[in-house]
Amino acid sequence: SDLPENRITSVQNAIDTRSLVETRKKITPDQLEKIRRETGIKGNNVCLYVGGIYREKRIDFLIEACIQIKTNIPDFEMIFIGAGPDDNNVKRSAELYEWIHYVGPKFGDEKVPYFMVSKLILMPGLVGLAILDSFALETPLVTTNVPYHSPEIDYLIDGVNGVVVREPDEPSVYATQVSDLLKDDKAREKLVAGCRVARGKYTVEEMVDRFTDGIIKALNY
């Protein structure tokens, strides 16, 4: 760009997550128990994948890592929400392993209880606006440092409101870091607290304010 830096504004792309937050407040323990029963969840160490299911999401990597997590955490279970060209891999895995649950696509508020029964979001491939759902619903996200994330990956601060595994081609390393978090409630609660802070920062209102300021800066150039 030919504009000087003081004329450039990062608008902090966001989506409106207020409905998700309000829905989360209203869901009762009985409703969560119903979701667990309907999904077939028996354990407490539950993780979640939610989003499109295609190559850049690295579903095969994730399933391999999940198998290793299961050896470390006996009551580990995994929920997959979404659809896409690679969803047959998830369906086959769900048929093969009773602790993998594929519930298909869920949209808007209907996905909220699945976040609430989960301790972490596992997304070793491309991360985009899903990070805002992670913040809104206080479910920390664990990814890897693949080079093709969407710009929203900048919102994730490693060790503060999520985790970036620095070995993107090693499912065993990813599995170890996830397992360690599932075993360490204090470390995970620190990430949950970071999600709450980030939830207040990355809002549609803040994006609109930044966009407005950016236009004014550019026009004053």
Side-chain angles (χ1 to χ4, degrees), residues 17 20-21 23-24 27-54 56-144 162-163 165 171 174-175 177-183 185 188 191-192 195:
T17 57
L20 300 179
V21 174
T23 298
R24 185 181 186 276
I27 290 177
T28 66
D30 285 346
Q31 288 174 299
L32 292 181
E33 186 55 39
K34 182 182 178 184
I35 283 291
R36 290 176 61 89
R37 189 167 59 248
E38 290 176 349
T39 308
I41 295 169
K42 300 179 180 66
N44 291 317
N45 283 298
V46 181
C47 291
L48 173 69
Y49 172 88
V50 57
I53 301 178
Y54 52 90
E56 287 79 8
K57 292 295 189 176
R58 311 182 76 206
I59 298 301
D60 289 348
F61 177 104
L62 176 54
I63 291 171
E64 184 177 345
C66 285
I67 292 169
Q68 296 184 45
I69 295 167
K70 183 67 174 176
T71 66
N72 299 329
I73 311 286
D75 71 336
F76 170 71
E77 299 192 47
M78 184 70 191
I79 302 170
F80 284 87
I81 294 177
D86 290 349
D87 60 18
N88 279 335
N89 298 357
V90 178
K91 293 173 184 175
R92 282 195 299 270
S93 296
E95 291 171 358
L96 189 59
Y97 302 105
E98 49 140 16
W99 49 271
I100 292 180
H101 312 281
Y102 177 57
V103 298
K106 301 288 180 182
F107 302 101
D109 295 348
E110 66 179 352
K111 65 189 176 184
V112 172
Y114 295 95
F115 281 77
M116 294 178 69
V117 300
S118 303
K119 291 187 173 180
L120 299 168
I121 300 171
L122 306 188
M123 193 172 291
L126 185 150
V127 172
L129 286 167
I131 191 64
L132 297 179
D133 288 347
S134 163
F135 296 157
L137 298 172
E138 302 179 14
T139 314
L141 187 149
V142 183
T143 188
T144 68
V163 172
V165 176
Y174 188 87
Q177 292 202 32
V178 170
S179 300
D180 288 347
L181 276 174
L182 292 176
K183 293 175 182 176
D185 287 341
R188 191 177 60 83
L191 298 178
V192 171
C195 287

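Below, all heavy atoms of this structure are taken into account, side chains as well, without hydrogens, waters or symmetry copies. Everything numeric here is computed off the predicted structure, so don't read it as measured data.
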*How about Asp185 and Lys119: do any of their side-chain heavy atoms sit closer than 4.5 Å?*
yes
_Under a 3.5 Å distance rule, please check whether Tyr114 uses its side chain to pair with a backbone N or O of Tyr49 as donor and acceptor._
no
*Flag, side chain of Asp87 to backbone of Gly84, donor-acceptor distance under 3.5 Å*: yes
*Spacing of His101 atom NE2 and Glu38 atom CD [to the nearest 0.5 Å]*: 13.0 Å
*Nearest non-hydrogen partners of Tyr102 and Ala83, listed with the distance*: OH-CA, 3.9 Å
*Applying side chain to side chain contact (heavy atoms under 4.5 Å, CB included), run through Leu137 and Met116 and close with a yes or a no.*
CA-CA 7 Å; Leu137 298 172; Met116 294 178 69; 5.7 Å; no
*Do the side chain of Thr143 and the main chain of Met123 share a donor and acceptor less than 3.5 angstrom apart?*
yes
*asked:* Does any part of the side chain of Val90, heavy atoms only, come nearer than 4.5 Å to the side chain of Asp86, both counted from C-beta?
replied: no
*Begin with the C-alpha distance, continue with both residues' side-chain angles, and end with the deciding distance and a verdict on side chain to side chain contact (heavy atoms under 4.5 Å, CB included) for Leu182 and Cys47.*
CA-CA 9 Å; Leu182 292 176; Cys47 291; 4.0 Å; yes
*Does some side-chain heavy atom of Ile69 sit less than 4.5 Å from a side-chain heavy atom of Leu122?*
yes
*asked:* Quick one, Leu120 and Val163 - any side-chain contact, counting heavy atoms below 4.5 Å?
replied: no
_For Phe61, all residues meeting ring-ring contact (aromatic ring centres under 6.0 Å, His included), sequence neighbours excluded_ = Tyr174
_Under 3.5 Å donor-acceptor, Arg36 side chain and Gly43 backbone_ = yes
*Of all the heavy-atom pairs spanning Arg188 and Pro140, show the shortest one and how long it is.*
O-CG, 4.3 Å
_Could you tell me if the side chain of Trp99 sits less than 4.5 Å from the side chain of Cys66, heavy atoms only?_
yes
*If you take all heavy atoms of Thr139 and Ser118, which pair is closest and at what distance?*
CG2-O, 3.8 Å
*Evaluate side chain to side chain contact (heavy atoms under 4.5 Å, CB included) for Phe80 paired with Ile63, printing each intermediate quantity in order.*
CA-CA 10 Å; Phe80 284 87; Ile63 291 171; 4.1 Å; yes
*What's the spacing between Arg37 CZ and Asp30 CG if we round to 0.5 Å?*
8.5 Å
*Hey, are the side chains of Gln31 and Pro113 touching, using non-hydrogen atoms and a 4.5 Å cut-off?*
no
*Distance (rounded to the nearest 0.5 Å) between Arg24 CZ and Glu138 CD*: 4.0 Å
*Please report the C-alpha distance between Val117 and Ile79 in whole Å, then the side-chain angles of each, then the deciding distance to 0.1 Å, and finally whether the side chain to side chain contact (heavy atoms under 4.5 Å, CB included) criterion is met.*
CA-CA 10 Å; Val117 300; Ile79 302 170; 4.0 Å; yes
*asked:* Would you say NZ of Lys34 has more than 12 non-hydrogen atoms from neighbouring residues, nucleotides or ligands within 6.0 angstrom?
replied: no
*May I ask you to test the Lys111-Leu20 pair for a side-chain heavy-atom distance under 4.5 Å?*
yes
*Any chance you could measure Leu129, atom CG, to Ser134, atom OG, to the nearest 0.5 Å?*
12.5 Å
*asked:* Is it the case that the side chain of Glu110 and the backbone of Phe107 share a donor-acceptor pair, with hydrogens and angles ignored and the cut-off at 3.5 Å?
replied: yes
_Spacing of Lys42 atom NZ and Asp75 atom CG [to the nearest 0.5 Å]_ = 12.0 Å
*Distance from Met78 atom CE to Ile100 atom CD1, nearest 0.5 Å?*
8.0 Å
*Can you name the closest pair of heavy atoms from Ile131 and Val127 and give their distance?*
CB-CG1, 4.2 Å
*Would you call Asn89 and Ile53 a side-chain contact if the rule is heavy atoms closer than 4.5 Å?*
no
